[in-house]
Peer 1: 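Here it is, the structure, as structure tokens.
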Amino acid sequence: MALIAPRVTAGLAAGDARTLARALEDSNDITVFVDGTVHRLPGQARDAVVDLLARLGRGETVTVSSVEEMLTTSQAAELAGISHTYLRNMTDRGEIPVEYRGSHRRIRTAHIMAWLDEQKLAEQKRKHGKFAGDPAGAAE
């Protein structure tokens, strides 16, 4: 897995910070130009950009990085609604990918969510299979 170093930007000069802070007062509308094309940012991206700009407007040094949440096995088991032991056994069998931090297992939230989606699909298939093969349903 390649790690991308966070980007650190020093706080703005006092005059630039004041100008930016004034521009952001009572405004949450952020429009971005990419190669001359106007793009209106969706809510979550807008909020992140407004927060970044507000911090720069206060003269703060800002670090931007990506975060993919890593869960402990207890957190992942709680999220999945299964026991900690059952989850550990699944990681041992390779059913859910696991990473180690020293001797501690860590599981990406995305992997638990993918496993939950697989379980929902399997349950839907089982339900549809029962109804399709149900002789009582055929008489109706």
Side-chain angles (χ1 to χ4, degrees):
M1 171 178 71
L3 295 177
I4 299 172
R7 180 183 174 118
V8 177
T9 302
L12 297 176
D16 291 337
R18 279 192 302 277
T19 301
L20 181 56
R22 277 194 304 272
L24 289 172
E25 283 179 17
D26 302 321
S27 176
N28 281 328
D29 180 30
I30 301 295
T31 302
V32 177
F33 289 86
V34 178
D35 290 330
T37 303
V38 175
H39 297 277
R40 176 150 285 152
L41 295 177
Q44 289 178 329
R46 180 197 64 233
D47 293 346
V49 170
V50 167
D51 182 57
L52 171 74
L53 293 174
R55 290 169 191 268
L56 288 170
R58 291 190 298 267
E60 297 176 17
T61 298
V62 177
T63 301
V64 177
S65 66
S66 298
V67 176
E68 184 167 355
E69 189 173 355
M70 299 294 284
L71 303 172
T72 65
T73 52
S74 295
Q75 292 168 324
E78 183 176 344
L79 178 62
I82 58 178
S83 75
H84 179 259
T85 302
Y86 184 66
L87 178 69
R88 276 197 340 257
N89 290 337
M90 289 190 338
T91 63
D92 289 343
R93 293 189 301 265
E95 295 173 26
I96 294 182
V98 65
E99 296 178 28
Y100 286 88
R101 300 292 186 264
S103 61
H104 300 281
R105 300 171 202 226
R106 295 293 181 261
I107 300 170
R108 294 184 187 276
T109 303
H111 292 156
I112 290 296
M113 299 310 290
W115 179 81
L116 285 169
D117 288 342
E118 290 171 12
Q119 299 308 301
K120 286 179 189 174
L121 285 173
E123 180 63 24
Q124 288 173 352
K125 287 180 182 179
R126 281 192 295 274
K127 283 183 181 179
H128 288 348
K130 281 184 181 178
F131 293 130
D134 185 1
E140 294 181 69

Peer 1: Do Thr37 and His39 come close enough that some side-chain heavy atom pair is under 4.5 Å?
Peer 2: yes
Peer 1: Considering residues, nucleotides and ligands other than Glu60, do more than 12 of their heavy atoms fall under 6.0 Å from its CD?
Peer 2: yes
Peer 1: Measuring from Arg55:CZ to Leu12:CG, what's the distance to the nearest 0.5 Å?
Peer 2: 13.5 Å
Peer 1: Output yes when Lys120 and Glu123 qualify as a salt bridge under the 4.0 Å nitrogen-oxygen rule, no when they do not.
Peer 2: no
Peer 1: What I'd like to find out is whether the side chain of Arg88 reaches to under 4.5 Å of the side chain of Arg105, using heavy atoms alone.
Peer 2: yes
Peer 1: Kindly work out whether a path of hydrophobic side-chain contacts (I/L/V/M/F/W/Y, heavy atoms less than 4.5 Å apart) joins Val50 to Phe33.
Peer 2: no
Peer 1: Answer whether the closest heavy-atom distance between the side chains of Thr72 and Arg106 falls below 4.5 Å.
Peer 2: yes
Peer 1: Could you check if a side-chain atom of Thr9 sits within less than 4.5 angstrom of a side-chain atom of Thr61, using non-hydrogen atoms only?
Peer 2: no
Peer 1: With rounding to the nearest 0.5 Å, note down the distance linking CG in Asn89 to CD1 in Ile96.
Peer 2: 11.0 Å
Peer 1: So which atom in Ser83 and which in Tyr86 form the shortest heavy-atom distance, rounded to 0.1 Å?
Peer 2: OG-N, 3.0 Å
Peer 1: Around atom CZ of Arg58, are there more than 12 heavy atoms of other residues, nucleotides or ligands at under 6.0 Å?
Peer 2: yes
Peer 1: For the pair Val49 and Leu41, evaluate side chain to side chain contact (heavy atoms under 4.5 Å, CB included) and give the outcome as yes or no after the intermediate values.
Peer 2: CA-CA 9 Å; Val49 170; Leu41 295 177; 3.8 Å; yes
Peer 1: Report the distance from atom NE2 of His111 to atom CG of Leu71, rounding to the nearest 0.5 Å.
Peer 2: 11.0 Å
Peer 1: Quick one: are Glu99 and Arg108 in side-chain contact, heavy atoms under 4.5 Å?
Peer 2: yes
Peer 1: Side-chain contact, heavy-atom cut-off 4.5 Å: Leu87 with Thr85?
Peer 2: no
Peer 1: To the nearest 0.5 angstrom, please state how far the CD1 atom of Ile112 sits from the CD1 atom of Ile107.
Peer 2: 5.0 Å
Peer 1: Quick check: do Ile82 and Met90 have side-chain heavy atoms less than 4.5 Å from each other?
Peer 2: yes
Peer 1: I'd like to know if Leu79 and Met70 are part of one continuous hydrophobic network [Ile/Leu/Val/Met/Phe/Trp/Tyr, side-chain heavy atoms within less than 4.5 Å].
Peer 2: no
Peer 1: Just wondering, do Asp47 and Asp51 contact through their side chains at under 4.5 Å, heavy atoms?
Peer 2: no
